[in-house]
Amino acid sequence: MRDLDAELDELTIPDLRDRLTGGRLTAEELAETYRDRIRRLDPQLGAVLAEDPTAIAQAQASDRRRATGRDRGPLDGIPVLIKDNIDAIGLPGTAGSRALLSSSPPTDSDVVRRLRHAGAVLLGSANLSEWANFRSERSTSGWSAVCGQTANPHVLDHNPSGSSSGSAAAVAAAFAQVTLGTETDGSITSPAGACGIVGLKPTLGRLSGTGIVPISGAQDTVGPLARTVHDVAITLGVLAEFEPETAELPGVRIGVWRLAGADHETDRVVEEAVTTLAAAGAEPVEVVLPYQPELGAAEWQAMISEFQPALERYLRTRPGAPRTLSEIIAFNAADPVELSLFGQDIFERALAAAPLSDPRYRTSRRSAASLGRRCLDETFKAYELDVILTPTNIPAWRTIYAAGDKDVLSSSSPAAVSGYPNISVPAGFAGPLPIGVSLIGQHNADPRLLALAEAIESALAARRPPRFLSSLPD
């Protein structure tokens, strides 16, 4: 088991499948190895919010299916963690909030149902930025009142970014083969970049959002994170029922949206990545995406109105949970932990926001959606692009609660607001801290984007396992 533990970082789903089908590994042994690794290493990382007590039984069932010729395909026996805002029977589903601890999901979310049908082994749930980072503008990514602070596995006193913080940190630390996160704007891609792994926000609607704690039905998306693009592609292919594609870089036109000036190390990594891709035969094209300030303003006004009704619809599915946003605000005010580090100003603003029937809301959402699509469609068309490349993140910052988050890039917004697919892949490092590049594809072109991302990942060859440094070296 110890030998397998030492290999986990490098093993892919196809590697594991070869061993499982060849009789050199059982799903039970694999699940036990991952579970033991979590128990040994997670106390310093804080990435796993809850273990699924049925994980070993799930793995044993996978082994029985395989022994009797009933294997369910690429994910059968593969260990997975899910973000704890995704409903699964037997897991807390708290969104990081103590207000939901008295309740538990009575049914599986659609995406968990698909995981179970595919034979995946659900190891447990991952920590997250509480309420998916939609409680306060002064919040700290990776912190929840239920589980505390998730650390960045590369440098433990630095931030993993959010809000799928635990999902990204866990897969980087090899606590699962694949994790699921959710994104409204940057919550998969940003922690993937900061933790040095691959994270995909698929096209909006590619995977069902039913049974997931919401922010905005117009943007919320569930997606996979893994150590390789290939594992992400296999996972999405199974869950969304499509066949992964392949691609080569020669002749591929890559729009380079640099967002330069936020951080010199990020600028350097992007420049080196562009140089490497050009040497591999790609054709970089400098672009600037239009409409950014207007897009951001319209997005925020729409989301602040969408949150309360979406959340209250979800809460009605949770027996024993608060029923309204007002009740959650009151719970937080009375709780000794919830407001100990930052407030709930976004909740309070959402309570007073324009209702969905208000023309101001409808104008904001129409404007956001239109600007998001136009800024991408017009750029793809004008430059005849296959993909748009942009930095995912600046190097992770030290976690200091009084200071809040420091991430200043907004590269995720065009894809998030338009509903187009966006994937972050490792591109380089600033010292020991990872920097990723995001690759934005056209609407519903997820298979093509994944194929290009795998080719770009191969050319950059930038990922390396985390070292669990306690702090930055002098």
Side-chain angles (χ1 to χ4, degrees), residues 1-13 15-16 19-20 24-60 62-63 77-84 88 90-92 96 120-128 142-144 146-160 164-181 191-192 194-197 225-228 231 396 399 432-434 463-471 473:
M1 299 283 279
R2 179 66 63 179
D3 290 342
L4 178 59
D5 179 278
E7 293 182 89
L8 286 179
D9 178 77
E10 295 297 329
L11 291 172
T12 64
I13 291 174
D15 294 333
L16 294 173
R19 295 188 186 191
L20 289 168
R24 292 173 289 131
L25 176 68
T26 67
E28 182 178 3
E29 290 169 341
L30 181 59
E32 286 178 341
T33 301
Y34 268 121
R35 186 189 62 178
D36 291 348
R37 184 174 175 86
I38 290 169
R39 292 177 177 178
R40 189 175 76 253
L41 296 176
D42 194 51
Q44 61 185 316
L45 195 61
V48 178
L49 188 145
E51 290 187 28
D52 189 322
T54 71
I56 300 305
Q58 294 174 52
Q60 291 168 341
S62 173
D63 288 330
I78 300 301
V80 178
L81 286 164
I82 63 169
K83 188 176 179 180
D84 201 55
L91 290 173
V121 174
L122 196 58
L123 293 177
S125 59
N127 196 22
L128 67 157
W143 183 87
S144 76
V146 172
C147 193
Q149 181 67 50
T150 297
N152 189 306
H154 292 268
V155 184
L156 296 172
D157 69 349
H158 280 55
N159 200 270
S164 302
S165 318
S167 298
V171 83
F175 290 174
Q177 194 66 29
V178 178
T179 62
L180 292 186
C195 294
I197 51 96
L225 302 95
R227 291 180 290 278
T228 67
D231 280 3
T399 298
L433 295 168
R463 192 190 73 83
R464 59 182 187 236
R467 294 162 58 193
F468 287 80
L469 299 175
S470 59
S471 58

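Just so it is clear, the values below take in all heavy atoms, side chains as well, and ignore hydrogens, waters and symmetry mates.
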J.: Nearest 0.5 Å, please: how far is OG in Ser165 from CG in Asn159?
T.: 6.5 Å

J.: To the closest 0.5 Å, what do you measure between CD1 (Ile78) and CG (Leu20)?
T.: 6.0 Å

J.: Grab the two heavy atoms, one from Val121 and one from Ala31, that are nearest each other, plus how far apart they are.
T.: CG1-CB, 4.3 Å

J.: Atom CZ in Arg467, atom CG in Leu156: separation rounded to 0.5 Å?
T.: 11.5 Å

J.: Looking only at heavy atoms, which two atoms of Pro160 and Ala151 are closest? And how far apart?
T.: CB-O, 4.0 Å

J.: Among Leu123, Leu8, Leu122, Thr179, find the one that has a side-chain contact (heavy atoms from CB on, under 4.5 Å) with Pro79.
T.: Leu123

J.: Between Asn127 and Gly148 (side chain of the first, backbone of the second, donor and acceptor by atom type, cut-off under 3.5 Å), is there such a pair?
T.: yes

J.: Applying side-chain contact (heavy atoms from CB on, under 4.5 Å) to Leu49 and Leu91, what does each step give before you reach the verdict?
T.: CA-CA 9 Å; Leu49 188 145; Leu91 290 173; over 6 Å; no

J.: Any luck finding a side-chain donor-acceptor pair between Asp157 and Ser471 under 3.5 Å?
T.: no

J.: Testing the basics here: between Asp84 and Ser125, what is the closest heavy-atom pair and its distance to 0.1 Å?
T.: OD1-OG, 2.8 Å

J.: Give a yes or no answer on whether the side chain of Asp5 reaches the backbone of Arg37 with a donor-acceptor pair at less than 3.5 Å.
T.: no

J.: Can you tell me if Arg227 uses its side chain to pair, donor with acceptor, with the backbone of Arg463 under 3.5 Å?
T.: no

J.: With a 3.5 Å cut-off and no angle check, do the side chains of Lys83 and Ser167 form a donor-acceptor pair?
T.: no

J.: Check the pair Leu45 / Phe175 against side-chain contact (heavy atoms from CB on, under 4.5 Å), numbers first and verdict last.
T.: CA-CA 11 Å; Leu45 195 61; Phe175 290 174; 3.5 Å; yes

J.: Measuring from Glu28:CD to Thr33:OG1, what's the distance to the nearest 0.5 Å?
T.: 10.0 Å

J.: Quick one about Asp15 and Thr12 (side-chain donor to acceptor, distance below 3.5 Å, no hydrogens or angles considered), yes or no?
T.: yes

J.: For Ala173 and Pro153, work out which heavy atoms get closest and say how close.
T.: CB-CB, 4.5 Å

J.: For the pair Glu29 and Arg19, find out whether any cationic side-chain nitrogen is under 4.0 Å from an anionic carboxylate oxygen.
T.: no

J.: Is the backbone of Cys195 close enough, under 3.5 Å, to the side chain of His154 for a donor and an acceptor to pair up by distance?
T.: yes

J.: Quick one: does Asp231's side chain have a donor or acceptor within less than 3.5 Å of a partner on Ile13's backbone?
T.: yes

J.: Of all heavy-atom pairs between Ala170 and Leu81, which one has the smallest distance, and what is that distance?
T.: CB-CD1, 3.8 Å

J.: Roughly how far, to the nearest 0.5 Å, is CD of Gln58 from CG of Asp52?
T.: 5.0 Å

J.: Take Gln177 and Leu30, measure what side-chain contact (heavy atoms from CB on, under 4.5 Å) needs, and give me the verdict at the end.
T.: CA-CA 10 Å; Gln177 194 66 29; Leu30 181 59; 5.7 Å; no

J.: Could you grab the distance from atom CG of Leu128 to atom CD1 of Ile82, nearest 0.5 Å is fine?
T.: 11.0 Å

J.: Can you sort out the partners of Asp42 under salt bridge (charged side-chain N to carboxylate O under 4.0 Å, His left out), two or more places apart, ordered by chain and number?
T.: none

J.: Can you name the closest pair of heavy atoms from Ala226 and Val171 and give their distance?
T.: CA-CG2, 3.7 Å

